[in-house]
Amino acid sequence: MKKFLTIGEITKPHGIKGEIKVFPLTDDISRFKKLKRVFIDGKEVNVVYVTVGSDRAIMKLEGCESIDEAERYRRKTIEVPREEAVKLEEGAYFIEDLKDCTVYDSEGKELGPVDEVIQTGANDVYWIRKPKELLIPAIRDVVLEVNIEEEKIIIKPVREWMDED
């Protein structure tokens, strides 16, 4: 399991005083208000303050005092140590942990690693790109088992849930 979890991506500077705009990669954007420190490029950075909008967070990081300094953070990810991450409900997983899990069907056929998890609103979708592109709905009727420790996901055979008309 990864020691750090990605919770956001810095999109661009905000204003001229060194603030940054962050696209959240977490279900609960309000969790940003509780941050005291984050990790960017593996380095610990103290958080001065955070304001949260409906779909973005504005952060002020210690030592970032100008638009030029904020520009250096563009497109970087914000991580937190796993032990500081929010607690999940039973049967819920961090997207970070699902990526790279290998998907097998219940007959033992290897389908490939999860490359991305697409959040559609109704349900998540596991996206396998190689060896053959496959989109797997993350619903109980399809996903039989998720084992993060073994990086393994078991699903029903594709022919049982995919309409091939």
Side-chain angles (χ1 to χ4, degrees), residues 1-14 18-64 69-105 110-130 134-140 142-155:
M1 264 192 258
K2 299 172 178 110
K3 286 179 62 175
F4 290 89
L5 297 172
T6 302
I7 62 164
E9 181 177 344
I10 300 165
T11 57
K12 62 183 180 178
H14 178 78
E19 296 172 317
I20 54 172
K21 191 174 276 193
V22 179
F23 178 77
L25 299 173
T26 177
D27 290 343
D28 183 9
I29 192 170
S30 66
R31 76 152 344 266
F32 279 84
K33 293 180 189 176
K34 298 174 184 152
L35 294 173
K36 301 290 182 223
R37 67 180 183 144
V38 294
F39 288 79
I40 302 171
D41 288 339
K43 295 180 182 142
E44 183 176 345
V45 181
N46 289 325
V47 176
V48 177
Y49 63 82
V50 178
T51 56
V52 174
S54 61
D55 66 342
R56 297 286 190 276
I58 305 299
M59 296 180 75
K60 175 71 171 167
L61 302 175
E62 191 175 87
C64 188
E69 289 173 337
E71 185 65 44
R72 291 183 298 167
Y73 288 111
R74 187 186 287 266
R75 290 191 288 283
K76 295 191 183 284
T77 56
I78 294 177
E79 298 178 317
V80 295
R82 177 177 290 279
E83 60 272 10
E84 294 177 19
V86 294
K87 302 299 176 233
L88 297 177
E89 297 174 16
E90 182 75 26
Y93 306 96
F94 291 113
I95 289 175
E96 203 79 9
D97 289 337
L98 293 167
K99 289 181 182 178
D100 297 327
C101 281
T102 303
V103 178
Y104 299 86
D105 71 17
E110 183 175 331
L111 302 172
V114 174
D115 191 62
E116 290 291 331
V117 177
I118 303 165
Q119 295 181 291
T120 66
N123 59 270
D124 290 349
V125 175
Y126 303 156
W127 185 4
I128 296 174
R129 293 186 191 194
K130 294 178 182 175
L134 182 62
L135 297 170
I136 302 166
I139 56 176
R140 287 189 184 118
V142 174
V143 179
L144 303 175
E145 179 186 338
V146 176
N147 186 325
I148 297 300
E149 288 76 30
E150 293 182 20
E151 296 185 336
K152 189 176 188 179
I153 297 173
I154 309 292
I155 66 168

Note to self: Minimum heavy-atom separation for Glu96 and Leu5, please, with both atom names.
What the structure shows: CB-CD2, 3.7 Å

Note to self: Rounded at 0.5 Å granularity, tell me how far CZ in Arg74 sits from NZ in Lys21.
What the structure shows: 10.5 Å

Note to self: What's the separation between atom CG in Asn46 and atom SG in Cys64, rounded to the nearest 0.5 Å?
What the structure shows: 13.0 Å

Next item on the list: Could you check if a side-chain atom of Ile95 sits within less than 4.5 angstrom of a side-chain atom of Gln119, using non-hydrogen atoms only?
Entry: yes

Item checked: From Tyr104 atom OH to Ile153 atom CD1, the distance as rounded to the nearest 0.5 Å -> 11.0 Å

Item checked: Stepwise side-chain contact (heavy atoms from CB on, under 4.5 Å) test for Ile78 and Thr6 -> CA-CA 6 Å; Ile78 294 177; Thr6 302; over 6 Å; no

Notebook entry, point to check: For the side chain to side chain contact (heavy atoms under 4.5 Å, CB included) test, which of Val48, Val47, Val45 pairs with Met59?
Noted result: Val47

Checklist line | salt bridge (charged side-chain N to carboxylate O under 4.0 Å, His left out): pairs with one or both residues in residues 111-129, sequence neighbours excluded | finding: Lys99-Glu116, Asp115-Arg129

Notebook entry, point to check: Say you draw a straight line from CD of Glu145 to CD1 of Ile155; how long is it, rounded to the nearest 0.5 Å?
Noted result: 12.5 Å

Margin query: Any non-hydrogen side-chain atom of Val22 less than 4.5 Å from a side-chain atom of Val50?
Written below: no

Check: Do Val103 and Val114 come close enough that some side-chain heavy atom pair is under 4.5 Å?
Finding: yes

Note to self: According to side chain to side chain donor-acceptor pair (under 3.5 Å), who are the partners of Thr11, at least two apart in sequence or on a separate chain?
What the structure shows: none

Check: Partners of Asp41 by side chain to side chain donor-acceptor pair (under 3.5 Å), sequence neighbours excluded?
Finding: Lys76

Donor-acceptor pairs under 3.5 angstrom involving side-chain atoms of residues 80-90: please list them, not counting sequence neighbours.
from, atom 1, to, atom 2, distance (Å)
Arg82, NE, Lys2, O, 2.8
Arg82, NH1, Asp97, OD2, 3.1
Arg82, NH2, Lys2, O, 3.2
Arg82, NH2, Asp97, OD1, 2.5
Arg82, NH2, Asp97, OD2, 3.2
Glu84, OE2, Arg37, NE, 3.1
Glu84, OE2, Arg37, NH2, 2.3

Note to self: Within the 4.5 Å heavy-atom criterion, are Val38 and Leu61 side-chain neighbours or not?
What the structure shows: yes

Next item on the list: Kindly indicate whether the side chain of Glu19, heavy atoms from C-beta on, has any atom under 4.5 Å from the side chain of Tyr49.
Entry: yes

Check: Would you say the side chain of Leu111 lies within less than 4.5 Å of the side chain of Leu134, judging by non-hydrogen atoms?
Finding: yes

Notebook entry, point to check: Are Tyr126 and Val143 side-chain neighbours, meaning at least one heavy-atom pair lies under 4.5 Å?
Noted result: yes

Checklist line | Qualifying residues under ring-ring contact (aromatic ring centres under 6.0 Å, His included), relative to Phe39, sequence neighbours excluded | finding: Phe4

Notebook entry, point to check: In Å and rounded to the nearest 0.5 Å, what is the CD1 to OG1 distance from Ile128 to Thr102?
Noted result: 8.5 Å

Next item on the list: Measure the spacing between CD1 of Ile58 and CZ of Phe32 and express it to the nearest 0.5 Å.
Entry: 11.0 Å

Margin query: Could you check whether any side-chain N or O of Thr120 sits under 3.5 Å from a backbone N or O of Asn123, counting only pairs where one atom can act as donor and the other as acceptor?
Written below: yes

Check: Passes side chain to side chain donor-acceptor pair (under 3.5 Å), Asp28 versus Thr26? Steps please.
Finding: CA-CA 6 Å; Asp28 183 9; Thr26 177; over 6 Å; no

Notebook entry, point to check: Just wondering, do Cys101 and Ile148 contact through their side chains at under 4.5 Å, heavy atoms?
Noted result: yes

Margin query: Going by the rule side chain to side chain donor-acceptor pair (under 3.5 Å), which residues pair with Glu110 if we only count those two or more places apart in sequence or in a different chain?
Written below: none

